[in-house]
Amino acid sequence: MEKVQGEMEIERWERSEEISDAEKKVIQETWSRVFANCEDVGVSILIRFFVNFPSAKQYFSQFKHMEDPLEMERSLQLRKHARRVMTAINTVVENLNDSEKVSSVLALVGKAHALKHKVEPIYFKKLTGVMLEVIAEEYANDFTPEAHSAWTKMKTLIYTHVTAAYKEVGWAQYPTATL
C-alpha cells in the first residue's frame with residue numbers, strides 16, 4: 001500500500017553490494033534484449049509505477065492528471081520520459097566496468113531530481129523495484145535466478161548512488177539522519 005505524502009518512510013543508508021564480473025555480464029546480456037525495446041519497456045515501467053504509486057505523478061505536470069493506463073501509453077510526454085529513463089539506465093549498464101562513470105551519471109540524475117524536480121528519493125527505490133518486476137515478467141526466459149540476483153544488486157546500486165547525490169546537495173526534504 002502506498003504511503004501518502006508526508007508519511008515518508010525512514011530509510012537507512014543502503015550500501016550496494018559489489019557486482020561481480022559474471023553478474024555484470026548477465027546484466028549487460030539481459031539489458032541488451034530489454035533495450036532493444038527501449039521505449040515500450042520504459043513506458044510499461046512508468047505506467048506500472050504510476051498505477052502502483054499514483055502520488056509519483058505529482059512531479060509530472062504533463063501527465064499528472066492521467067488515470068487511464070491507455071491514455072498514459074499514448075502520451076508523447078510519458079514516452080519521451082521513458083526514453084530518457086531507459087537511456088540513463090543504458091549508460092549505467094554500458095559502463096558497469098567504469099565505476100566513476102556510473103557514479104557520475106547517477107549523481108547527475110540524483111542532483112537534477114533533488115534540486116530541479118524536488119522528487120522524494122524514495123520514489124527511486126519504488127521505480128527500480130517496478131523496473132525489476134517488469135523486466136522479470138516481460139523477459140521471463142532471460143530472467144534466471146542468477147539474473148534476478150544480479151539485477152537486485154543493480155537496483156540497489158542505482159538507488160544508492162542517486163540518493164547519495166541527495167545527501168551531497170543537502171536536500172532539505174530528506175534529512176541526513178535518515179541516510
Side-chain angles (χ1 to χ4, degrees), residues 1-3 8-57 69 72-73 78-79 81-110 113 119-167 178-179:
M1 179 166 240
E2 180 181 17
K3 290 190 175 279
M8 193 169 109
E9 295 176 8
I10 302 295
E11 290 294 317
R12 63 179 171 75
W13 183 244
E14 295 185 31
R15 298 179 200 271
S16 58
E17 286 184 58
E18 187 72 28
I19 300 174
S20 71
D21 289 341
E23 290 169 324
K24 289 175 185 176
K25 185 176 180 189
V26 167
I27 290 168
Q28 290 168 332
E29 288 172 354
T30 310
W31 183 253
S32 69
R33 290 185 273 291
V34 172
F35 197 67
N37 299 307
C38 164
E39 187 172 313
D40 290 337
V41 176
V43 168
S44 294
I45 290 167
L46 289 182
I47 289 172
R48 170 126 10 129
F49 178 59
F50 292 137
V51 167
N52 291 352
F53 306 102
S55 63
K57 291 188 293 183
M72 288 184 222
E73 187 176 356
L78 189 133
R79 288 188 164 279
H81 193 68
R83 277 192 305 272
R84 277 197 305 267
V85 169
M86 297 296 281
T87 300
I89 295 168
N90 188 60
T91 302
V92 170
V93 170
E94 285 181 343
N95 290 284
L96 280 175
N97 291 315
D98 183 348
S99 61
E100 287 184 27
K101 178 73 172 181
V102 168
S103 293
S104 172
V105 168
L106 294 174
L108 287 172
V109 170
H113 285 80
V119 175
E120 289 182 47
I122 190 63
Y123 286 110
F124 283 95
K125 186 173 209 170
K126 294 175 181 183
L127 178 63
T128 55
V130 169
M131 177 185 75
L132 217 62
E133 289 173 12
V134 170
I135 293 172
E137 288 171 16
E138 293 192 16
Y139 296 87
N141 292 339
D142 298 319
F143 220 74
T144 63
E146 294 79 18
H148 189 273
S149 175
W151 274 97
T152 298
K153 289 181 181 181
M154 176 71 166
K155 174 184 107 164
T156 304
L157 176 131
I158 292 169
Y159 178 70
T160 301
H161 279 76
V162 168
T163 55
Y166 277 76
K167 182 179 180 183
T178 65
L179 294 173

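None of the values given here were measured: they were computed from a predicted structure. Throughout, numbering of the chain's residues begins at 1 and tracks the sequence.
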When H161 is tested against each of S104, S99, S103 for side chain to side chain donor-acceptor pair (under 3.5 Å), which residue passes? S103
Under 4.5 Å between any side-chain heavy atoms of M72 and L46, yes or no? no
Heavy-atom closest pair (P121 atom, Y159 atom, distance to 0.1 Å) is O-CE1, 3.5 Å
Pairs where residues 30-50 contributes a residue and the test salt bridge (Lys or Arg N to Asp or Glu O under 4.0 Å) is met, not counting sequence neighbours: R33-D142, E39-R79, E39-R83, D40-R79, R48-E133, R48-E137
Side-chain contact, heavy-atom cut-off 4.5 Å: L106 with L157? yes
Plane angle bin for H148 and F143 - parallel if under 30°, tilted between 30 and 60°, otherwise perpendicular: perpendicular
Between A82 and V43, which heavy-atom pair has the shortest distance, and what is it? CB-N, 3.6 Å
Side-chain touch I27/K153, heavy atoms, less than 4.5 angstrom: no
Please check if the side chain of Q28 supplies one atom and the backbone of V93 the other of a donor-acceptor pair under 3.5 Å. yes
Stepwise ring pair (Phe, Tyr, Trp, His ring centres under 6.0 Å) test for H113 and Y123: CA-CA 10 Å; H113 285 80; Y123 286 110; over 10 Å; no
Do you know which two heavy atoms are closest between W151 and M131, and how far apart they sit? CZ3-CE, 4.0 Å
Main chain of E29, side chain of S32: is a donor-acceptor contact present, judged purely on distance under 3.5 Å? yes
Validation row: H81, V85 side chains within 4.5 angstrom (heavy atoms): yes
In terms of heavy-atom contacts, W31 and M86 come closest through CH2-CE, 3.4 Å
